[in-house]
Amino acid sequence: MVTTGEKVTQENQSSNFNLASYLKEKQQLVEEALERSLSISKPEKIYEAMRYSLLAGGKRLRPILCLATCEMMGGGVEMAMPTACALEMIHTMSLIHDDLPAMDNDDYRRGKLTNHKVFGEDIAILAGDGLLAYAFEYVAANTQNVPPQKILDVIARLGRTVGAAGLVGGQVLDLESEGKTDISVDTLTFIHTHKTGALLETSVVSGAILAGASDEDIQRLSKYAQNIGLAFQIVDDILDITATQEELGKTAGKDLQAQKATYPSLWGIEESKKQAQQLVDEAIVELAPYGEGADPLKAIATYIVTRKH
Ligand code: GRG
């Protein structure tokens, strides 16, 4: 599955880079920006519901990927922060809707009760809608020092990513596949490249666009992101089996309970781990031209297969 002739060697693995302190620093910046992005107004209930899920923690992987890519391509954190926040708003709204009784029917998310358990189903649906709309407003109204055409490109990509060509399409196929025993690897991969991979890809690519990256760089970074996106989902499937509710912050073992086809159910756990590692190796190959500047993206790729939650 290696997509270029290059090999992953020791020198293009991150060596002295400290991912833990990098993630801590960026997570703090993102938390502060998210806190500032949405204040309580009238009617208070909907803002409280939106803030409840948006500020409930989480790894903030999508905003960090956007910021890291923007910086790697020569841009600054400030120009990418509105998009980084919008990515987290979109991700959070997808979690709120995914947890609803009509979808996955989950009681816990990010270690807390799900939005509908606290605010009711009606408000949870509206909180998701509110966050989705606000994400687009937030990018358009707050992005500075970026040419308007680039901002429009980011907004168009965000739209495509959440719609039927992305998260919504992946979710529909996922719902249709529940309880079926004959799901192929191709169908499973379609579900996850849309449901999970699309937003991770847009996180990376939008950071590159805002920094003014060339089409060639964007293509390379898309490949990096597609590979880590799929690896991320394979690991998610494995963790659903091997991790505890405390580690996950949500109910463990849900896939088996809902009779969902997963990578471990098709390949077994060991082969799934091998495939995830191979995808990450291939992702890292794409970063070869960017030297030390790519250390954060390399380390994040590695973290994706070693993470415990
Ligand atoms: C987007 C309009 C619109 C509707 C939503 C419900 C739905 C359509 C799509 C489902 C998308 C979904 C929930 C995909 C799963 C993605 C995933 C692996 C989530 C877990 O991500 P982490 O581990 O979570 O990054 P944290 O909590 O760390 O942010």
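Note that the coordinates shown come from a computational prediction; the quantities given were computed from them, not determined experimentally. Remember, it's 1-based here, ligands and their atoms both numbered in the order they're listed.
Across Met93, Gln171, Arg307, heavy-atom proximity to atom 10 (C) of ligand 1 is greatest for Gln171.
At a heavy-atom distance under 4.0 Å, only side-chain atoms of His91, from C-beta outward, approach ligand 1. With a heavy-atom cut-off of 4.0 Å, Leu132 touches ligand 1 through its side chain alone. Neither the backbone nor the side chain of Leu61 comes within 4.0 Å of ligand 1, counting heavy atoms alone.
Taking the six-membered ring for Trp and thresholds of 30 and 60 degrees, Tyr138 and Tyr134 have ring planes inclined between 30 and 60 degrees apart. Aromatic ring pairs are classed by plane angle as parallel below 30°, tilted from 30° to 60° and perpendicular above 60°; the pair Tyr263 and His192 is tilted.
Under the 6.0 Å distance and 45° angle rule, Lys45 does not count as a cation-pi partner of Phe119.
What sits closest to atom 12 (C) of ligand 1 on the protein, heavy atoms only, is Lys195 CE, 3.8 Å.
Residue contacts with ligand 1: Arg62 is placed with a nitrogen or oxygen under 3.5 Å of a nitrogen or oxygen of the ligand (distance criterion only). The N/O atoms of Lys59, backbone and side chain alike, include one that comes under 3.5 Å of an N/O atom in ligand 1.
Each of the following atoms of ligand 1 lies closer than 4.0 Å to a heavy atom of Thr196: 15 (C), 16 (C), 18 (C). Against a heavy-atom cut-off of under 4.0 Å, Arg110 is close to the following atoms of ligand 1: 26 (P), 27 (O), 29 (O).
For the 3.5 Å distance criterion, the side chains of Asn145 and Glu78 fail to qualify, holding no donor opposite an acceptor. Asp281 and Gln277 share a donor-acceptor pair across their side chains, judged by distance under 3.5 Å alone. In the model, Ser53 has a side-chain atom that pairs as donor or acceptor with a side-chain atom of Asn115 under 3.5 Å.
Ion pair Lys274/Glu271 flagged as a salt bridge, since at least one NZ, NE, NH1 or NH2 atom sits closer than 4.0 Å to an Asp/Glu carboxylate oxygen.
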